[in-house]
Amino acid sequence: VQLVESGGGRVQPGGSLKLSCVASGFIEEEYAVAWFRQAPGKEREGIGCFSTRIGIEYYQDSAQARLDANTGKAAVTLHLQLTHLEPADTAVYYCAASDDWGFSCRALREHGYEDWGQGIQVIVSA
């Protein structure tokens, strides 16, 4: 599976940013793709995910993060819309994928994703 992340950068507090992950090359018919983030000095945490079985789900309740998925042949683009950003949202955001997953992606924790993108930096600063 190939993962290509885009859309990061610097934004002022209160601003918005849209990240995109193009995941392609799935072999199995059922798979999952997710967005995680890791802030400086903190553990990586899940934001939300998409599975072919269920669709979009979220690892945590947040009014700031919304996912949108566009599917293709053995591929999906998972967009992460971030709004009302605060300095605490400064982190490296990662896209991850698991081929051959036919269940709710919320049941798939960080260690269950086999493929990871390089990560994309988001900096929220005045």
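Keep in mind that the numbers below use all heavy atoms, side chains included, and drop hydrogens, waters and symmetry copies.
Shown here for Y31 and G72, the closest heavy-atom pair between the two residues is OH-O, 4.4 Å. Scanning all heavy atoms of the two residues, the minimum distance from Q121 to V92 falls at OE1-CG2, 3.6 Å. Residue S20 comes nearest to H79 through the heavy atom pair OG-ND1, 2.7 Å, listed as atom of the first residue, atom of the second, then distance. Of all the heavy atoms in A97 and V1, the pair that sits closest is CB-CG1, 3.9 Å. The shortest heavy-atom contact between L82 and A65 is CD2-CB, 4.1 Å. In terms of heavy-atom proximity, E110 sits nearest to R44 at OE2-NE, 2.9 Å.
Put simply, CD on E30 and SG on C105 are 12.5 Å apart, with the number rounded to the nearest 0.5 Å. Note that the CD atom of E57 and the SG atom of C49 stand 5.0 Å from one another [nearest 0.5 Å]. To the nearest 0.5 Å, the span separating CZ on F26 from OG1 on T71 amounts to 11.0 Å. Atom OG1 of residue T90 and atom CZ of residue R10 lie 8.5 Å apart, to the nearest 0.5 angstrom. E5 CD to L78 CG: the interatomic distance, rounded to the nearest 0.5 Å, is 11.0 Å. Within the model, atoms CG of D89 and NE2 of H84 stand 11.5 Å from one another, a figure rounded to the nearest 0.5 Å.
The one candidate from V33, N70, T52 that meets the side chain to side chain contact (heavy atoms under 4.5 Å, CB included) condition with V76 is V33.
Two residues are said to be in side-chain contact when any heavy atoms from C-beta on lie closer than 4.5 Å; L108 and F103 fail this criterion. Proximity of E86 to P13: side-chain heavy atoms (C-beta onward) are nowhere separated by under 4.5 Å. Using a 4.5 Å heavy-atom cutoff, the side chains of Y94 and Q38 are in contact. With contacts defined as side-chain heavy-atom distances shorter than 4.5 Å, the pair L19/W35 qualifies. Under the 4.5 Å side-chain criterion, counting only non-hydrogen atoms from C-beta, R109 is in contact with Y59. Within the 4.5 Å cutoff, the side chain of C95 has no heavy atoms near those of the Y113 side chain. Within the 4.5 Å cutoff, no side-chain heavy atoms of D68 are placed close to those of Q81.
For Q64, the CD atom sits in a packed shell: over 12 heavy atoms of surrounding residues, nucleotides or ligands are nearer than 6.0 Å. Within a 6.0 Å sphere centred on CD of Q60, other residues, nucleotides and ligands contribute more than 12 heavy atoms.
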Would Y93 and L80 count as a side-chain contact (heavy atoms from CB on, under 4.5 Å) here? Give the steps.
CA-CA 10 Å; Y93 287 72; L80 173 61; 4.0 Å; yes
Apply side-chain contact (heavy atoms from CB on, under 4.5 Å) to the pair R106 and Y58, showing each step before the final yes or no.
CA-CA 7 Å; R106 284 190 62 184; Y58 294 90; 5.8 Å; no
Assess the residue pair C21 and L3 against the criterion (side-chain contact (heavy atoms from CB on, under 4.5 Å)); give the C-alpha distance rounded to whole Å, side-chain angles, the decisive distance to 0.1 Å, and a yes or no.
CA-CA 6 Å; C21 171; L3 300 168; 4.0 Å; yes
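Taking the centre of each ring, F36 and W116 come in below the 6.0 Å mark.
Linking Ile, Leu, Val, Met, Phe, Trp and Tyr residues whenever their side-chain heavy atoms come within less than 4.5 Å leaves W101 and I47 in two separate clusters.
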